[in-house]
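What follows is one structure encoded as structure tokens, with my remarks underneath.
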Amino acid sequence: MLALLVLPVSTSVAVAQDGDLPRDAVILLDTTLSMQGKGGEGARDIWKPVIDRAVAQVNGLADGTNLVIIPFDQEPNVDMVWPIGTAALADDLTFAQLDDAKRASAVKYLRGLPLPSGQTTLICDALQYALDKLDAWRSRQADDRVQFVFLYTDGRDRKQCKDDFATKIAELFNGSRGDYPYLYGVYVDLNNTLTPEEAAQISQETGGRFEAGNEPGQDPSIADIVALDDTPIDLGNLYGRDSVDITVRVPGALPPQALEAATGFDVVGFGMAVDPSTIAVTPEMRLTLRVTDPVPGSFQGLLRLRPTEGNFAFAQPTKQIRFAWIPPATPTPSPTPSPTPT
């Protein structure tokens with residue numbers, strides 16, 4: 001069974017800014033023995049479908065996304081980090097900016113990873129490491145950023161978060177609130193290890209969600225990936241208008257699990273609401289954005305997508321939105337001429 005839990009970590013207020021928000025992503029990949037069906041009760045050999053899913057993830061990330069891939073088991077495997085040769089132990093870990101060549105390199109790296117051999121799963125250590133590296137990378141940049149952690153695991157934490165797993169995962173994410181503008185986590189539970197109660201707890205504490213794939217006992221069913229058109233939505237000056245219509249496009253063919261499945265929408269970063277809040281996934285999804293709390297200024301935020309049914313996930317579950325709310329300048333009246341003395 002696959003379950004996908006999307007955890008919005010920060011909903012900080014948008015700031016006025018020119019240009020697009022750069023994107024950074026970390027893929028954390030569990031490389032313990034259970035990923036190839038060994039070393040534990042209920043373990044299944046899901047390594048190949050997981051690698052296929054990670055490849056689809058990389059192919060779905062937009063050009064210009066800054067990416068690092070970190071395998072982990074009992075610790076982050078820093079000697080196996082992609083890009084190859086990255087100084088992973090240092091604060092100056094270097095993210096690779098995706099283009100065709102870098103994307104091909106990442107795919108080759110994933111396809112060439114050795115079979116998993118780790119003995120235990122320390123999820124919280126790996127997650128903290130990824131958050132620290134994103135923070136260090138962000139601190140050296142000049143602008144706000146949209147940042148993601150994609151965590152692929154079939155197990156539960158065996159040390160730091162062994163007890164009260166859901167609470168500690170939520171605390172780890174929520175501890176970053178206010179420090180990381182637009183930071184999101186995607187928790188991919190590859191072997192249905194979260195109980196419904198744990199999933200509900202994490203969802204409630206972080207505003208996330210839980211999504212199930214195939215039933216226990218069936219073959220692994222790793223979620224399909226849907227890539228969005230990554231062009232930011234620039235709405236211009238909306239002063240005097242209370243709503244605007246937009247279209248969210250999906251280039252290429254939709255996988256069967258996603259076509260006509262439902263996805264939810266919301267807006268992060270400024271006073272807007274979206275209508276409808278849930279819509280069927282099609283190549284062109286038409287929505288209305290409503291201004292709910294207008295204040296003068298220029299704003300940049302995110303339209304966030306959350307699948308609510310179907311076994312699929314968005315490669316990058318946000319689109320950038322820019323708009324202004326600037327009243328027209330009030331003409332300055334011409335000075336009244338003084339009367340001519342007689």
Side-chain angles (χ1 to χ4, degrees), residues 6 8-23 60-65 143-148 180-184 186 207-209 226-254 258-310 312-331:
V6 177
V9 182
S10 173
T11 55
S12 57
V13 176
V15 295
Q17 178 176 322
D18 294 327
D20 301 338
L21 287 171
R23 282 191 165 114
L61 296 174
D63 283 352
T65 300
D143 41 24
D144 281 344
R145 320 184 67 76
V146 182
Q147 296 188 312
F148 299 91
Y180 299 78
Y182 309 125
L183 173 66
Y184 297 88
V186 180
R209 62 181 177 79
V226 175
L228 296 174
D229 172 21
D230 198 54
T231 307
I233 300 172
D234 193 335
L235 302 176
N237 188 3
L238 297 182
Y239 185 80
R241 303 172 63 183
D242 58 10
S243 67
V244 60
D245 295 332
I246 65 170
T247 300
V248 178
R249 294 181 171 85
V250 177
L254 278 167
L259 185 62
E260 298 295 337
T263 187
F265 290 87
D266 60 9
V267 179
V268 177
F270 45 69
M272 272 193 168
V274 60
D275 183 36
S277 59
T278 302
I279 194 172
V281 178
T282 60
E284 293 191 349
M285 295 171 280
R286 293 178 173 83
L287 306 165
T288 298
L289 296 179
R290 293 180 286 103
V291 180
T292 59
D293 187 21
V295 293
S298 297
F299 303 93
Q300 184 153 274
L302 301 173
L303 177 69
R304 182 170 55 195
L305 290 80
R306 300 181 177 192
T308 56
E309 64 182 23
F312 77 100
F314 292 103
Q316 291 182 151
T318 60
K319 277 186 69 70
Q320 297 178 42
I321 300 176
R322 298 191 294 263
F323 79 98
W325 184 271
I326 301 175
T330 303

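The figures here come from the full heavy-atom set of this structure, side chains too, leaving out hydrogens, waters and symmetry mates. Heads up: numbering here begins at 1 and tracks the sequence.
- Applying the side-chain contact (heavy atoms from CB on, under 4.5 Å) criterion to Asp234, with sequence neighbours excluded, gives Arg322.
- Applying the side-chain contact (heavy atoms from CB on, under 4.5 Å) criterion to Ala280, with sequence neighbours excluded, gives Glu260.
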Problem - Chi angles and distances behind the side-chain contact (heavy atoms from CB on, under 4.5 Å) call for Leu289, Ile321 - result: CA-CA 11 Å; Leu289 296 179; Ile321 300 176; 3.9 Å; yes
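- Shown here for Leu228 and Leu305, the closest heavy-atom pair between the two residues is CD1-CD1, 3.8 Å.
- You'll find the side chain of Val267 stays beyond 4.5 Å of the side chain of Arg304, heavy atoms only.
- Note that CZ of Phe265 is 10.0 Å distant from NZ of Lys319, once rounded to the nearest 0.5 Å.
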Could you give the side-chain donor-acceptor pairs of residues 243-251 under 3.5 Å, partners two or more places apart or in another chain?
unit_1 : atom_1 : unit_2 : atom_2 : d
Asp245 : OD1    : Thr288 : OG1    : 2.8
Arg249 : NE     : Glu284 : OE2    : 3.3

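- Closest approach of Val281 to Ala258, counting heavy atoms only: CB-O, 3.3 Å.
- In this view, Asn237 and Tyr239, Ala324, Ile326 satisfy the side-chain contact (heavy atoms from CB on, under 4.5 Å) rule, not counting sequence neighbours.
- Between the CG atom of Asp230 and the CZ atom of Arg23 there is a distance of 4.0 Å, given to the nearest 0.5 Å.
- Taking each heavy atom of Ala315 and Ala227 in turn, the nearest pair found is CB-CA, 4.4 Å.
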Practice task
List the steps, then state whether side-chain contact (heavy atoms from CB on, under 4.5 Å) holds for Val295 with Trp325.
Solution key: CA-CA 7 Å; Val295 293; Trp325 184 271; 5.8 Å; no
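- Remark: Phe148 CZ to Thr65 OG1 distance equals 8.0 Å, nearest 0.5 Å.
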Practice task
Any chance you could lay out the side-chain contact (heavy atoms from CB on, under 4.5 Å) test for Leu303 and Leu287, step after step, and finish with the verdict?
Solution key: CA-CA 11 Å; Leu303 177 69; Leu287 306 165; 4.2 Å; yes
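- Note that CZ of Phe299 is 9.5 Å distant from CE of Met272, once rounded to the nearest 0.5 Å.
- Across Leu238 and Leu235, no two heavy atoms sit closer than the pair CD2-O, 3.6 Å.
- The side chain to side chain donor-acceptor pair (under 3.5 Å) pairs that include a residue from residues 270-282 number zero, where partners must be two or more places apart or lie in different chains.
- Applying the side-chain contact (heavy atoms from CB on, under 4.5 Å) test to Thr231 and every residue at least two apart in sequence or in another chain returns Asp229.
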